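First the structure, in the form of structure tokens, and then the observations on it.
Positions are given from 1, in the same order as the sequence printed here. Computed from a predicted structure; not experimentally measured. The analysis underlying the following values was restricted to heavy atoms, covering all of them including side chains, and did not include hydrogens, waters or symmetry mates.
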Amino acid sequence: MTASPNAMIGGAVEAAVVFCAVVGFFALMSVFGLFPQETVPLLLAVLGAFGCYIYGRHGSRFGRKAPSP
């Protein structure tokens, strides 16, 4: 089954919004001293959190079969 263009655009917008929220959250944590002057761990934390979102949202499509009705 193919997705409609509107669903694909909606998914891309949702992913962009979540990515911005993740970056904002870790930026706030950096301001509060969780990542003081550490660029690489901060980038890894952002990418890891966004990767977990992507896997949770779309992982079932790529590795597991959906249960048949």
Check: residues 12-25 side-chain donor-acceptor pairs under 3.5 Å, at least two apart:
| from | atom 1 | to | atom 2 | distance (Å) |
| --- | --- | --- | --- | --- |
| E14 | OE1 | R57 | NE | 3.4 |
| E14 | OE1 | R57 | NH2 | 3.0 |
| E14 | OE2 | Y53 | OH | 3.0 |
| E14 | OE2 | R57 | NE | 3.1 |

Write out all pairs satisfying salt bridge (Lys or Arg N to Asp or Glu O under 4.0 Å) with one or both partners inside [range], taking only residues at least two apart or from two chains.
{"range": "residues 39-49", "result": "none"}
{"range": "residues 25-37", "result": "none"}
{"range": "residues 23-34", "result": "none"}
{"range": "residues 16-28", "result": "none"}

What residue pairs, at least two apart or across chains, pass side chain to side chain donor-acceptor pair (under 3.5 Å) with a residue in [range]?
{"range": "residues 17-27", "value": "none"}
{"range": "residues 17-29", "value": "none"}
{"range": "residues 18-28", "value": "none"}
{"range": "residues 41-52", "value": "none"}

Distance-only donor-acceptor hits, side chain of residues 43-51, under 3.5 Å, sequence neighbours excluded:
none

